[in-house]
Colleague: 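Before anything else, here's the structure in question.
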Amino acid sequence: MEKRIYLDHAAAMPVHPGVARFAGQFPDGFAGNPSTIYREGLVAQETLAIAREKVAGLIGARSADSIIFTSGATESNNIAVRGTALRNAKKGKRIVASAIEHISVLNPAKDLQKGGFTLTLAPVDRYGTVDLDALGAAVTPETIVASVHYANNEIGTVQPIREVAEIVHDRGGLLHADATDAAGRIPIDVERDGVDLLTLSGNQLGGPDGVGALYIRPGIRVQPVIFGGGQERGLRPGTENVFSIACMGEAARLAGEEMPEESRRLRAVRDSLIAGIMEIEEAHLTGHPTERLPHHASFRFSRIEGESIQLAMDMLGIAVATGSACTSRTLEASHVLLAIGLTHDEAHGSMVATLGRENSEGEVPRIVRAVGETVKRLRAITSL
Ligand code: PMP
């Protein structure tokens, strides 16, 4: 049987072998509960401190204390949006988000509307780039926080985050940027880019699932979204997941070290994949043609359904996505694809390939052939 080809790294990444080695040696001594003051507790505290340094290093944060660990990007996004809005509500109850944010940003933002907040969605153009004029109009002096991600997981478009930051700051707002898919793939620097709160996912860096981080610029007031003890500065109470946090730290270190070379390699593979697939009849690239994540290729094919493509490709030994795994259970058309101007029918024919370290140029002809056969076969039997 032919080897499987896995092309859904945006949904789940294999743990980096370097992280697996690190995990095998962990801990050198037993790491106890970081809230205790005997030796084992101090080992745990030191373990968290090292992980914080490594994560801060990846994103150019000056102080490791500006990083809090969470259970993942979803929780980080909730703290960033909800925690910041509620803590600063006196300023004015306005929040802004780009129309193509992840649901873990949009849903807490929508929930805040029940408490009297106004949410304004900033539109994007047909490539998924946020409309800077519309953003400027949306952010008012009463706006507490604007959430614009570094890059989109469904269409790969990278946002002009420095310009976004300037617009938001000029109007006195804070910028939250979800860097789940961008971190470790493109250079991120919270100082240079002007980001006030930044979300990271452990798994998307090559670490374990169920762990994430939130960078909070020193001085910014945020309140917890769940309540308990004083861990993580009281912002994320509950005993820290020391093992996963340590592994996320190591993943961040390795991602930073390997990014220049690995992103260059994947960009080349990605480009030949796009070139091959665009030869297929009525295939369209979604997202930005150049300002896109180096491992990301996304398409739509007219007159077929993404789920059928996914199942047919699976039978040919290839795992691809059709939009975001996070929303796949709803079967609704992707809000991202609708926001870039696609019709419902067009949005349903999407296929996303996100590459990782095991993928190589040599796989491209087989992938292109499989997509070509799949599209042709499905179109022959379609009722669309
Ligand atoms: N934000 C973005 C941009 C994402 O792509 C994802 C995962 N697809 C998340 C947040 C949520 O991550 P998690 O499910 O790990 O909480």
Side-chain angles (χ1 to χ4, degrees), residues 6-15 55 59 68-83 97-110 124 128-130 146-159 161 164 175-186 188 195 197-215 225-226 236 241 244-245 247-248 251-252 255 286-288 292-298 319-330 334-337 339-340 350 352-356:
Y6 181 74
L7 299 174
D8 196 9
H9 290 79
M13 294 254 291
V15 169
V55 170
I59 59 166
I68 63 163
F69 288 106
T70 66
S71 67
T74 294
E75 189 179 16
S76 297
N77 283 342
N78 272 264
I79 299 172
V81 174
R82 192 174 170 75
S98 92
I100 61 169
E101 292 305 302
H102 190 261
I103 46 167
S104 56
V105 164
L106 293 179
N107 285 348
K110 286 178 188 163
V124 296
T129 307
V130 68
S147 194
V148 178
H149 52 11
Y150 262 85
N152 186 272
N153 59 318
E154 290 181 51
I155 55 173
T157 301
V158 176
Q159 300 297 339
I161 206 77
V164 167
L175 174 63
H176 165 239
D178 179 352
T180 298
D181 301 276
R185 285 161 180 145
I186 56 173
I188 284 179
V195 172
L197 300 117
L198 177 127
T199 291
L200 294 169
S201 144
N203 181 246
Q204 282 302 303
L205 294 171
D209 280 316
V211 61
L214 179 66
Y215 160 81
V225 299
I226 56 168
R236 205 291 173 157
N241 183 350
S244 294
I245 290 170
C247 291
M248 177 177 177
T286 57
H288 203 285
R292 64 185 302 137
L293 291 171
H295 72 307
H296 198 291
S298 54
V320 293
T322 173
S324 169
C326 315
T327 39
S328 65
R329 285 185 199 136
T330 66
S334 147
H335 69 287
V336 175
L337 299 180
I340 62 172
S350 101
V352 184
T354 42
L355 307 169

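Remember, predicted model here, so these are calculated numbers, not experimental data. Both counts, for ligands and for their atoms, begin at 1 and track the order of listing.
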Colleague: Consider every N or O of H149 and every N or O of ligand 1, then say whether any pair is closer than 3.5 Å.
Modeller: no
Colleague: Quick one: which ligand 1 atoms are inside 4.0 Å of a heavy atom on S104?
Modeller: 10 (C)
Colleague: Based purely on interatomic distance, does S201 place a nitrogen or oxygen under 3.5 Å from a nitrogen or oxygen of ligand 1?
Modeller: no
Colleague: Counting from 1, what ligand 1 atoms have a heavy atom of N153 closer than 4.0 Å?
Modeller: 5 (O), 8 (N)
Colleague: Let me confirm one number: the CD-CG distance from E154 to D181, rounded to the nearest 0.5 Å.
Modeller: 10.0 Å
Colleague: Using the rule side-chain hydrogen bond (donor to acceptor under 3.5 Å, both in side chains), only one of T70, N77, D178 pairs with T199; which is it?
Modeller: N77
Colleague: Under the side-chain hydrogen bond (donor to acceptor under 3.5 Å, both in side chains) test against S298, which residue among T322, T286, N152 passes?
Modeller: T286
Colleague: Near N77, which atoms of ligand 1 are under 4.0 Å from a heavy atom of that residue?
Modeller: 1 (N), 10 (C)
Colleague: Can you confirm whether H296 sits close enough to V352 that some side-chain heavy atom of one is under 4.5 Å from a side-chain heavy atom of the other?
Modeller: yes
Colleague: For the atom pair CG (L198) and CD1 (I59), what is the distance rounded to the nearest 0.5 Å?
Modeller: 5.0 Å
Colleague: Would you mind running through ligand 1 and noting each atom that sits below 4.0 Å from a heavy atom of D181?
Modeller: 2 (C), 3 (C), 4 (C), 5 (O)
Colleague: Quick one: look at T74 and ligand 1, take heavy-atom pairs under 4.0 Å, and tell me if it's side chain, backbone, both or neither.
Modeller: both
Colleague: Please report the interatomic distance CG(L293) to CD1(I155), rounded to the nearest 0.5 Å.
Modeller: 10.0 Å
